[in-house]
A.B. asks: 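A single structure is presented below for examination.
As the structure is a computational prediction, the values presented were derived from the model and not from experiment. Order of the sequence lines fixes the chain letters, A, B, ..., with proteins taken first and strands second; residue numbering starts at 1 for each chain.
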There are 2 protein chains.
Amino acid sequence: MGRPSAPLLSVDKIADAAVRLIDQGGPFTVQAVARQLHVSAPSLYNHVQGRDHILELVRARLASRAGLAAAEASDWEQAVELFVRAHRRLFAGHPRLIPLLVGQTIRDPGVLQAYAHLARVLERAGFARDELLTVISVLDAFALGSALDSAAPAEVWHSDDEDFAALLAETAAPRAEAALDAGIAILLDGLRARLRTDQEPISD
Amino acid sequence: MGRPSAPLLSVDKIADAAVRLIDQGGPFTVQAVARQLHVSAPSLYNHVQGRDHILELVRARLASRAGLAAAEASDWEQAVELFVRAHRRLFAGHPRLIPLLVGQTIRDPGVLQAYAHLARVLERAGFARDELLTVISVLDAFALGSALDSAAPAEVWHSDDEDFAALLAETAAPRAEAALDAGIAILLDGLRARLRTDQEPISD
DNA sequence: ACCTGAACACCGTTCAAGT
DNA sequence: ACCTGAACACCGTTCAAGT
């Protein structure tokens, strides 16, 4: 009781504990984070603004670890690939994070910079300005979806249909890597075709 | 107090009230659903197994309304387009539903049938079996992402970056429809390219 | 069979009290 | 400045009591 001589907590420690907790699998509560740190729940509020803030810290932390911002590529195709792979790395080890972050507004400047950078690269490459957000959403959603599926397809679909259940069982984690490559190829092919249309709109 | 002469509730009434509540915007709680129906919260448990069950009912209800299961198409390209558009319709009017359903296992037989059907169509078209789930995930994620963005891009990204903020402001709802078409075109082009590779793997 | 109020074990968050 | 315990207004869910 009372103030400790050296602080027990810090923003970094809280973020780390939150990541650990999420990976462990239990429900994500402020109280559980506090328990990880052997501290009472209200203590966290000296360093952090609340539950949502903790999740935003986790996003920032994992994004920098996954090298999301470092995606400085020369050409747009490489930029797309790096963006997707970084995003996928971000979530791949932490599938339980996805439902926690979907629907939460992204506020972390570092993460937003990565999005803004990709938007600029795509625009410079010749993509129509009002398509940029769609393209980014597709990439974003794809990385997220494939991370979720590769980690736990059974958690997404629960089928009694024999054929579909077999398909689910069959698609195991090792194959998911190849599936990611295939998915990226699909997206890049599609985007290349799109770019041609954007650049030569009246070519015939 | 006591049992009413005619039942006040039904599974359908609960599902409808839940949809209304979600669209209204407040937090989704069992108590709030009960309030919509002028009934106490425990009453719902006579018809429904709990909060998650209610959400699954909502998914089923909106899926059938959006015509997800009706996506019986002749060729795979049409099947893909119908699937994406139905999915997008499902969420487009109810963006607040997305964070509630992501991360929840899909159990509704009708919805699962739509996925299984699409898987079969794609397999028959020549897609590699271990890619089917990836392809479906991409489509799924795309429909979801585009519905979320078109409804409320400001809820997804909150940027102080001038350029990016401008891009967000600029991408208004009316354009989102065109963006959906573009996105579908991107996906179909990419998938066509993929299909060629799958079918002629040793062509050179 | 179907609704109610009371109760239980939780939440996230606030705040006065302590050092 | 930083941690604590008590307190507040909520949750989802269970259950005996009522008709």
A.B. asks: One pair to check against side chain to side chain donor-acceptor pair (under 3.5 Å): Gln104(A) and Asp52(A). What are the steps and the verdict?
C.D. replies: CA-CA 8 Å; Gln104(A) 220 192 25; Asp52(A) 285 357; 3.1 Å; yes
A.B. asks: Measure CD/Gln104(A) against P/dG12(C) and give the value in whole Å, please.
C.D. replies: 13 Å
A.B. asks: Would you confirm whether Arg194(B), through its side chain, and Ile186(A), through its main-chain N or O, come within 3.5 Å as a donor-acceptor pair?
C.D. replies: no
A.B. asks: Can you tell me how far P of dG5(C) sits from CZ of Arg35(B), to the nearest Å?
C.D. replies: 14 Å
A.B. asks: Any idea how Phe164(A) and Tyr115(B) line up, ring-wise: parallel (<30°), tilted (30 to 60°), or perpendicular (>60°)?
C.D. replies: tilted
A.B. asks: Quick one: does Thr105(B)'s side chain get under 4.5 Å of Trp157(A)'s, heavy atoms only?
C.D. replies: no
A.B. asks: Between Leu118(B) and Trp76(B), is there a side-chain heavy-atom distance shorter than 4.5 Å?
C.D. replies: no
A.B. asks: What is the distance from CG of Leu37(B) to P of dC2(C), rounded to the nearest Å?
C.D. replies: 15 Å
A.B. asks: In whole Å, I'd like the distance from the CG atom of Leu44(B) to the P atom of dA1(C).
C.D. replies: 19 Å
A.B. asks: Given atom CG of Leu100(A) and atom P of dC11(C), what is their separation to the nearest angstrom?
C.D. replies: 14 Å
A.B. asks: For His47(B) and dC3(C), is the shortest distance between a side-chain N/O and OP1 or OP2 below 4.0 Å?
C.D. replies: yes
A.B. asks: In whole angstrom, give the distance that lies between atom NE2 of His53(A) and atom P of dG12(C).
C.D. replies: 16 Å
A.B. asks: Out of Leu55(B), Val48(B), Ile54(B), which residue meets the side-chain contact (heavy atoms from CB on, under 4.5 Å) rule with Arg51(B)?
C.D. replies: Leu55(B)
A.B. asks: Hey, are Lys13(A) and Asp16(A) close enough for a salt bridge, meaning a charged N less than 4.0 Å from a carboxylate O?
C.D. replies: no
A.B. asks: Counting Watson-Crick and G-U wobble pairs with both distances under 3.5 Å, what is the dot-bracket string for DNA chain D, 5' to 3', using [ ] for crossing pairs and | for pairs to another strand?
C.D. replies: ||.|||||...|||||.||
A.B. asks: What string of B, S and - do you get for nucleotides 13-19 of chain D, 5' to 3', if B is base contact, S is sugar-phosphate-only contact and - is no contact with any protein heavy atom under 4.0 Å?
C.D. replies: BBB--BB
A.B. asks: Hey, could you give me the OG/CG distance between Ser10(A) and Asn46(A), rounded to the nearest 0.5 Å?
C.D. replies: 12.5 Å
A.B. asks: In plain terms, say whether Arg120(A) and Asp163(B) are close enough for a salt bridge, that is, a side-chain N and a carboxylate O under 4.0 Å apart.
C.D. replies: yes
A.B. asks: For the side chain of Pro7(B), starting at C-beta, report the closest nucleotide among dG12(C), dC3(D), dC3(C).
C.D. replies: dC3(C)
